[in-house]
Amino acid sequence: MTLGPSALLPLPVAIPLVFCAVMLATAHLLPGRLPDILATLAALSVAILSGMIAVHAADGPLVYWFGGWEPRDGVHLGIGFGVDAASGWIAAFIGVLYVLTFIFAWGFFDRTHGHFHILMLLFLAAMIGFCFTRDMFNLFVWFEVMSVAAFALTAYHLEKSALSGAINFTVINSLAGFLMLGGIGLIYAQTGSLDFEGIASAVGRGGRDPVVAGAFCLVATALMIKGAIVPFQFWLADAHAVAPSPVSVIFSGAMVSLGLFGLAKVSAVVFAGSDQVQHALPTLLEGLGSITAILGGWMALLQRHMKRMLAFSTISHAGIMLTALGALSPAGTGGMLVYVVGHGLVKGALFMIAGILLATRASIDEIALRGLGRGIGPAGFAMALAGLLLCGLPIGVLDQGTRLVQGALWHQERWIALAAGAIGAGLTGAAVLRATGRIFLGLGPDPGDEGGAPSEDEREKANRPLWVMLGPCCVLLAFDVGLPASLIANATPEAASAFMHQPSVSAKAEGPAWLTWISVALALAGAGYGLFRTRLPKLVIRPLRATQSVPTRALELLHSGLIGDYAAWLAIGVALIASILAVS
Amino acid sequence: MSAILPLLFLLTALSGTAVVLVRDPTRQVFVIAVNGLVLTILFDALQAPDVALSELAVGSAAVPLLYLVALMAVRNQLPGKES
Amino acid sequence: MSVVSNILPYAVAVWLFGAGLYGIATSRNLIHLVGCLGVCQSATYVLLLGLGYRWGSIAPIFYDHPPGTPAVDPVMQALVLTDIVVGATLTALLLVLTIQVYKRSGSLDPEKLRPMRARQGSDRAEGSDRGHDGKRTVL
Amino acid sequence: MTPRIRVALLALAGVVLLPGAAAVITGLPPFGATIAQYGERINAITPEARHVANMVSAINFDLRGLDTLGEEFMLLAAITGTVVLLRGRRGEGNTERALRRPGRAVIPRSEAVVLVCRIAGPLTALFGLYVVVHATVTPGGGFQGGVILASGTLIIYLGEGYAGWRDAVRSHWLDGLEGGGALLFTLCGLAPMLTGAAFMQNIMPLGTFRDLMSGGLMLVENLGVALAVAGGFTQLFLEFMEETREADELDEPGEESA
């Protein structure tokens, strides 16, 4: 019955699951490197299949009904997968990221009977399911599988900080799951369907309905918690900083942006017919996104723990993606989708470099590492390049995404979002470049004793050859720089329209070229200030310090690491979203 | 019938609140088990026997058991002894 | 009576979620906190099953009654079944983390656990990750 | 942030959310008035289409079988995670035999307890099996039955003591059960695709309505879930119990050879 390219749709989810089950059933029999090989193969097949699906989906979205339960008389009976080109390419990107992560993690997890690989493959399958599904509750199921695998992976090191980070992550994301399920229950009771299209048509008929708005509030909150948007961002830095490096690559590269990907899909498809939601979205997304972009960038600049710094930079970039969604146009959403891929490539590479430092230099502290990176020059070069790409150096996929986003925002005259995005990108770039300069060139003031000795505790499997770790990192950066721009430029507008279920519009605008240069300049200035501050005249420094200290103190107080605080902020966030929905 | 359901809902609210308010984990375990039982009865009254059976097996047996074992593990442990 | 019973289940669900959240915000013991999270979750059970109920209907099992008898919503029940599995998995994982945290730090008080913050003795390099020290040297 | 500020923030959020919650609640259909069209439709067509009496099982294993597949692997993720997180400390080597609890006398179990447990154990197992096989006709199914079966193994612990329990329950077998069950379920999805049908399409003979053997492919899927859940939950119990053991052992490192 369902032959042709649609028949491929279940495979990228089912194949990793089969590998998982087989690996678990034979866990104690598997010899040394076999789990590494199997996991890489599984991820590779997912990447290839998703790519094939994406190519086929370019002609029109593919739909697949599980169990052969096709809709009858307008009632959606079973679960469907609906894949447009954009969802397919995102899935393929995730597959590639996993392949490279598995290579990066080759030999990382020796004595675990493949348990690490089982969890990672489950994580992968859940992400693909999340991308492909067109059923609200199925979305929730994959959301939860993703979360559960992530919780276990975070605490893998069993250090104190890893454990408490994992607890914060688990509690907040569990609450997200409950909120989402509540929202799904409401929307199901009101519309009588769980299918995206079914809900959308019922919502479109319904007019202004507080239940629909309430359901959207709950579901959007859950997805924003995953996407680490202020004021739900607290868990991210705690979790990403302590997870094993290969896991952090996936967290920052794919999981966070998938939350926003889900939000894009839900708000563009499911709630497209609700005027109340659509009116609230620009304010909501632009406001929260701008705050997130700047706060994340500022916090990144304050960190000396490199993975924590990268985690905050992920928060900042998630904010930029959210502002792009706020444009509510195919141009903005298309830019956001390209941005997701570009950001995932660059941020994945950066976390791999952090992992290399952990493995070869046994520390992740920027100050302690000062000058210690001289022996691994290629890593330093990669890190500098990644830092420049992160703040907007005008080459590569990330830059293309940035331009599309800026074009969409420029067109709609959203100056606040534009400024926040430029500043956020600049600040995170400054943080990365400063760390590069300090670690690999030995710049900046000598910390003396304060640097402290590297601690054995943080060491991550030192006995792996450097090229195994550096290779995937360079491949990621090569992907970002080398993917032909024309390919993306041609495919994006149509893919974005199909993604949003809107008629395709050809006109696409790019932002002014000088905007990205501002970010680059800001990043270089910030990095320079961080490294050569002591050489500046006192007259310049004192006022600068004074402007820093108060907001810095306040931000540090907010990021307390206490789960109770996070729960309170979560409630405030829900209230905020609800009030914006109420007044629009 | 129509009087029983509201009463059961109120009882659920009550037992749920009790789980939050009993702050000593050793006693909270029993409240959690009772809460599981109350939910089981409520689900059965809501014509959901499948769910009630799961809640009985998971909510009032397996999960409280895990709490008990966790408490035992924590109590047996001399704090901070293991590095 | 009827107005009350019309909205009571939903109000109970809201109450349970609020109570659980209050418990999480004020908890001083991680095991207690996990219990509170369970209360938040039971709010979703109550909400979903409440939404799927219809007066005078039978359970959606046509063994003693012939098919066609009005029955309550089986979809909601299937959703809650999945939800219960979610609850069990989360509880198990959180309790494991709690046990390990206790072994590491000797405390179950979330107020004393600050990931990546306070000085952790031999655990971490000299100089904390916390801002004040960090700010002086980094920025 | 002090707890007082925190509660104040929560209260503030609550006050803001209250009108919204009230609007949502009053916007919903009154409790017990009606059910959604989707559920109504399933109640109407499934008994005839799939020859099963239990609608919830039909949804779990057939109409929305993919959700259950995800749910099963969620369980698998949680249990794998538990094993990794608990064993990470103990080391893999210690998992094969029961850790002893030195320094605490083993209280001899009375004959009566042993006898009761030897009777109750098989009875629980029987009940679990009953719940498993009746998935398509009466309340119950692989998940519920699996949990009951796993709890049944704990009765061995009560009756035969910890060492006896560990002798009866091997971690590798549980891995095999869990992974095998999950694999069976996934293959139930993939196998129909070989015949050109859809993933998890019910292509087996459906049996007679209200019969134990009704439901076709659902029966196999149910079995897979039962295996995975029974193995998984037993593994969970085992790892947790082991945790209480190790604690004692570490109290007296002198006897670590145990």
Side-chain angles (χ1 to χ4, degrees), chain B residues 1-13 16-17 20-21 23 25-26 29 32-33 36-37 39-83, chain D residues 31-32 35 54-60 71 75 78 82 86 89-90 101 103-104 124 127-128 130-132 134-152 154 157 229-230 232-234 236-253:
Chain B
M1 192 64 201
S2 59
I4 293 177
L5 268 181
L7 278 181
L8 279 173
F9 274 115
L10 286 178
L11 196 62
T12 313
T17 317
V20 174
L21 293 182
R23 284 179 185 270
T26 38
V29 176
I32 288 173
L37 269 180
L39 283 173
T40 306
I41 298 169
L42 175 74
F43 296 165
D44 201 56
L46 283 173
Q47 303 292 343
D50 273 285
V51 185
L53 196 59
S54 305
E55 180 63 25
L56 185 69
V58 173
S60 53
V63 164
L65 202 78
L66 293 182
Y67 277 98
L68 270 181
V69 177
L71 278 171
M72 269 161 72
V74 166
R75 199 178 302 165
N76 284 343
Q77 185 85 21
L78 285 183
K81 178 154 183 193
E82 197 185 4
S83 57
Chain D
F31 170 65
I35 65 170
N54 186 345
M55 293 303 107
V56 181
S57 289
I59 294 171
N60 271 334
E71 171 197 320
L75 197 65
T82 308
L86 286 178
R89 190 53 64 80
R90 283 201 296 271
R101 321 179 67 170
R104 186 178 295 188
T124 314
F127 178 58
Y130 175 86
V131 172
V132 170
H134 282 74
T136 52
V137 280
T138 57
F143 176 72
Q144 295 95 329
V147 179
I148 295 173
L149 281 173
S151 315
L154 281 179
Y157 164 58
V229 171
F233 267 82
T234 314
L236 200 63
F237 290 142
L238 186 140
E239 292 294 334
F240 264 77
M241 298 300 273
E242 200 76 346
E243 201 55 27
T244 66
R245 299 278 137 171
E246 185 206 24
D248 275 5
E249 189 191 39
L250 285 170
D251 284 348
E252 285 155 75

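Numbers restart at 1 for each chain; the letters A, B, ... are given by sequence-line order, proteins then strands. The figures here come from the full heavy-atom set of this structure, side chains too, leaving out hydrogens, waters and symmetry mates.
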When you compare the side chain of B:L65 with that of D:L154, does any pair of heavy atoms fall below 4.5 Å? yes
Cut-off 4.5 Å, heavy atoms of chain B, and the answer for D:F143 is side chain
Do you know which two heavy atoms are closest between B:L53 and D:P139, and how far apart they sit? CD2-O, 4.2 Å
Can you say whether B:A61 sits under 4.5 Å from chain D via the side chain, the backbone, both, or neither, judging by heavy atoms? neither
Contact list for residues 53-74 of chain B, test side chain to side chain donor-acceptor pair (under 3.5 Å), sequence neighbours left out: B:S54-D:Q144
Taking only residues two or more places apart in sequence, or in another chain, which ones meet D:T124 in a side-chain hydrogen bond (donor to acceptor under 3.5 Å, both in side chains)? none
Write down the atom of D:G140, the atom of B:D50, and the distance for their closest heavy-atom approach. N-OD1, 2.8 Å
Under 4.5 Å from a heavy atom of chain B, the part of D:N54 involved: side chain
